[in-house]
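Just so we're clear, the structure is a prediction, and the values are computed from it rather than from any experiment. Read the numbers this way: they start at 1 and go in the same order the structure lists the ligands and their atoms.
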Amino acid sequence: MLDIKAIRKDFPILSRQVYGKPLVYLDNAATSQKPTSVIKALTEYYEEYNSNIHRGVHALSMEATDRYEEARQKCAGFIGSPIAENLIMVRNTTEAINLVAQSWAQHNIGPGDEILTTHMEHHSNLVPWQKVAKDRGAELKFIPLTSEQTLDLSDLDRLLTSRTKLVALNHMSNVLGTINPVKELGQAAHRVGARILIDGAQSVPHLKVDVKDLDCDFLAFSGHKMLAPTGIGVLYVKQEVLEDMEPFLRGGEMVKQVWDDHATWNDLPMRFEAGTPNIADAIAMGAAIDYLEALGMENVRQHEISITEYALNAFQELEEVTVFGPRDMSQRGGIVSFYGGDVHPHDIGTMLDREGIAIRTGHHCAMPLMNKLAVPATARASFYIYNTEEEVDLLVSALKATLRYFSKA
Ligand code: C6P
């Protein structure tokens, strides 16, 4: 069990007010808030040992290098990778997926090959594959959705064939909260000789994700959704695949030797980290992982199951509201997207904001999914370790007042 009261004290921003009301922050799927320990890790770096890494012989540089590599180790431990060198530090999930598209897919996917994805992807895990398919003469295929907005795998044998070279899907949908069976899909992909990329942007912050257990080829995630600063993320790549990848960006740090007309590549993972990396934010991500590990990811998940169930029950009172995603909590995370009848999600978001309640509204960078759901946009509340049932009550009563207001308008 999480001690939510104690946790809330670690997040300075949670004590601020918005329009004179206590902040109710329910936009965690967009980005999470940061605890004091993460903010402190950032200031400590700049105040005490700011310097470039992997190239200095002076004390500050060696200290910063050690802390940066320690952060990589912590990220590796967090996702169950026995080897830290299999992790490439990037800016975010989007960059991680683009790295795979450029460095692996452009060289391993050819004419007539297929990439299998789903109708519930964030644009970050769709648009790069559209480009690969176009450049390489390959075809994009989609696993359809069931009426409960889970993946419909009934036709998987037809969709996944010897032509499939990559299965790319999210572990948890940022709109529906649906948790996808990525382990089973990985096994199915491997049976036909395909690789699997898991977009872990919404799962790694909220569930125990273990790359060995999932046996995935690629896992991408962002620090900013899991208590770390913006501008830092991770791409995990299975060893045998990593060795087969071309560099992404070219320049300093990623080379071993350079001549006038050619160069050789540095060891892994530096080969994929050209230029000065985001040192401060990587170190602060290490602090974020320490924080989550101390809570225990099982406890994080349990808390989110409990608060999401509470929210789903409370939403049943709102007859005019459609809630998306599966009802079974074993198949969903702490994301509740909804559509309030005749009231546009942006109006709902604006009215809730006046009550100090931060939710996200819009297409959530998942336009093809909006088309499937036949809505222009949704409103979305998303929970994390510091959210309480009282905050869900505030959300529901503000939502009731909003719907009442618009029904009179
Ligand atoms: N979703 C949301 O509000 P970046 O922006 O690169 O850190 O993450 C991209 C991304 C990729 N996949 C999934 C499943 C995601 O949810 C996101 C980010 C945020 O839903 C911002 S659009």
Among all residues two or more places apart in sequence or in another chain, which pass the ring-ring contact (aromatic ring centres under 6.0 Å, His included) test with His344?
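Per chain and number, His344 pairs via ring-ring contact (aromatic ring centres under 6.0 Å, His included) with His346.
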
Under a 4.0 Å heavy-atom cut-off, which residues neighbour ligand 1?
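Within 4.0 Å of ligand 1, the protein residues are Ala29, Ala30, Asn92, Thr93, Thr94, His122, Ser124, Asn174, Asp199, Ala201, Gln202, Ser222, His224, Lys225, Arg360, Cys365, Arg380.
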
Answer yes when [X] and [Y] have at least one side-chain N-carboxylate O distance shorter than 4.0 Å, and no when they do not.
{"X": "Lys165", "Y": "Asp113", "result": "yes"}
{"X": "Glu253", "Y": "Arg55", "result": "yes"}
{"X": "Arg67", "Y": "Glu63", "result": "no"}
{"X": "Glu309", "Y": "Arg327", "result": "no"}

Between His119 and Phe142, how do the two ring planes meet: parallel, tilted or perpendicular, split at 30° and 60°?
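Because their plane-to-plane angle is under 30°, the rings of His119 and Phe142 count as parallel.
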
